Amino acid sequence: MDYTKVEEIKDSIIIRDIKNFDLTHIFECGQCFRWKRIASDNYIGVAYNKVIELEKKGQDLTIYNSNLRDFNLIWKSYFDLDREYNSIKDSLSEDQLLKKAVEFGHGIRILTQEPFELIISFIISSNNRIPMIKKVIDNICTRFGERLQYKGEIYYGFPSIDKLHLVTLEELKACSAGFRAKYIYETCKAIYENKSSIDSILGLTDDACHVELQKLSGIGPKVADCIMLFSMSKYSAFPVDVWVKRAMQNFYLAPEVSLKGIRIYGRDKFGALAGFAQQYLFYYTRENNIKV
DNA sequence: TGCCAGGAAAAGA
DNA sequence: TCTTTTCCTGGC
């Protein structure tokens, strides 16, 4: 457990002595798209149809617009607070490059986000840049999500499958999804018609989950790895995007090794902690703009 | 204007 | 099975 205690104080909760927790590291490491930076120690975002505001002061984290019930039900697992990141970091730091990456992104935590939201979000991420991904997701939420309020501002939750499967291909295109609109449309249909049940995918082993996710339209190896890592607690996933590819080819492998080969090597090298290793590597190489 | 970034699907070898 | 081409959008 990476905190000592939780207190509820009128519409907010305070988590004391929180360890391995940095808002910037968590929200800027490419795993989520719906958090808005107010300041380095202050973010507002929407998850599980709730708006919350986070503020980190010293070693304490305050979650505004929440309560103890939601903390136990949602936020404790969302922020992966029961996990001791020190042991993960110590283990990964035996590798010299990883040691640097871990020091750089010392406050990263892997979130447990909503699987359906992540399936759609990472379909949108394919061949797409982060600002554009955020814009498309925002368009979808604004048009089809539940309307929420906080401090007089309007926010929108991510639409449920019950809502999104009714949306037409044209409406999805109008959200600037481009060629991915068709993938979203088809995947929503498949999930809604229960050809592919999210709950049953959740129960699979990591390898079976990776295979099963790729049966959905618009999901290949990288997107499947992201979904299982960021929403299904399957930590042997090793998403290989252009940044991780650069890092791996630069520091561990020959330049001609394929994406598939890089994934196999990463999972073999880092085992059950591959997903954590990938996150530290991704954040380190992207923030430092390490290319070649 | 043209070119680039960014993964999956479909076509080709 | 592996490799190449096409898809869409915003920014330079």
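Below, read A as the first sequence line, B as the second, and so on, with proteins coming before strands; counting in each chain starts at 1. The structure presented is a predicted model; accordingly, all values stated were derived computationally and were not measured.
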* Report yes or no: does A:R180 contribute a side-chain atom to a donor-acceptor pair with the main-chain N or O of A:S126 at less than 3.5 Å? => yes
* Asked: Given that A:Q214 and A:N128 both sit by DNA chain B, which one's nearest nucleotide is further toward the 5' end?
  -> A:N128
* Inter-end axis angle, the helix from B:dG2-C:dC12 to B:dA13-C:dT1, with every axis fitted to five base pairs (rounded, 10 degrees) -> 40°
* To do: Please determine if a side-chain N or O atom of A:R263 lies less than 4.0 Å away from the OP1 or OP2 oxygen of B:dG7.
  => no
Grab the [atom1]-[atom2] distance between [X] and [N] for me, whole Å please.
| X | N | atom1 | atom2 | answer |
| --- | --- | --- | --- | --- |
| A:L216 | B:dA8 | CG | C1' | 13 Å |
| A:K245 | B:dG7 | NZ | C1' | 12 Å |
| A:I133 | C:dC8 | CD1 | P | 17 Å |
| A:N139 | C:dT9 | CG | C1' | 12 Å |
| A:I262 | C:dC2 | CD1 | P | 14 Å |
| A:R180 | C:dT9 | CZ | P | 8 Å |
| A:K182 | C:dT6 | NZ | P | 16 Å |
| A:R246 | B:dG6 | CZ | P | 5 Å |

* With a 4.5 Å heavy-atom cut-off, do A:I52 and A:W35 have their side chains touching? ->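 Result yes, sub-4.5 Å side-chain heavy-atom pair found.
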* Asked: Do A:F238 and A:K269 have side-chain heavy atoms sitting under 4.5 Å apart?
  -> no
Using a heavy-atom cut-off of under 4.0 Å over every strand shown, decide if [X] touches base, sugar-phosphate, or nothing.
| X | result |
| --- | --- |
| A:L259 | nothing |
| A:S217 | sugar-phosphate |
| A:P131 | nothing |

* **side-chain hydrogen bond (donor to acceptor under 3.5 Å, both in side chains) contacts in which one or both residues fall within residues 9-24 of chain A, not counting sequence neighbours** => A:D2-A:N20, A:T4-A:D17, A:E7-A:R16, A:R16-A:D60, A:N20-A:N86, A:N20-A:K89, A:T24-A:R37
Choose from [options] the nucleotide whose nearest atom is closest to any side-chain atom of [X].
| X | options | answer |
| --- | --- | --- |
| A:W243 | B:dG6, B:dA8, C:dC7 | B:dG6 |
| A:K222 | C:dG10, C:dC7, B:dA8 | B:dA8 |
| A:Y183 | B:dG7, B:dA9, B:dA5 | B:dA9 |

* Asked: Hey, is A:D206 close enough to A:R267 for a salt bridge, meaning N to O under 4.0 Å?
  -> no
* Asked: Does the distance from a Lys or Arg side-chain N to an Asp or Glu carboxylate O, for A:K215 and A:E212, drop under 4.0 Å?
  -> yes
* Structure fact -> Comparing A:K260 with A:K173, nearest DNA chain C nucleotide closer to 5' gives the residue A:K260
* To do: Please figure out whether A:M132 or A:N127 has its closest DNA chain C nucleotide nearer the 5' end.
  => A:N127
* Residue list, ring pair (Phe, Tyr, Trp, His ring centres under 6.0 Å) with A:Y78, at least two apart or on another chain -> A:W75
* **Donor-acceptor side-chain pairing of A:N42 and A:E53 below 3.5 angstrom** =>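 Yes - a donor-acceptor pair under 3.5 Å links their side chains.
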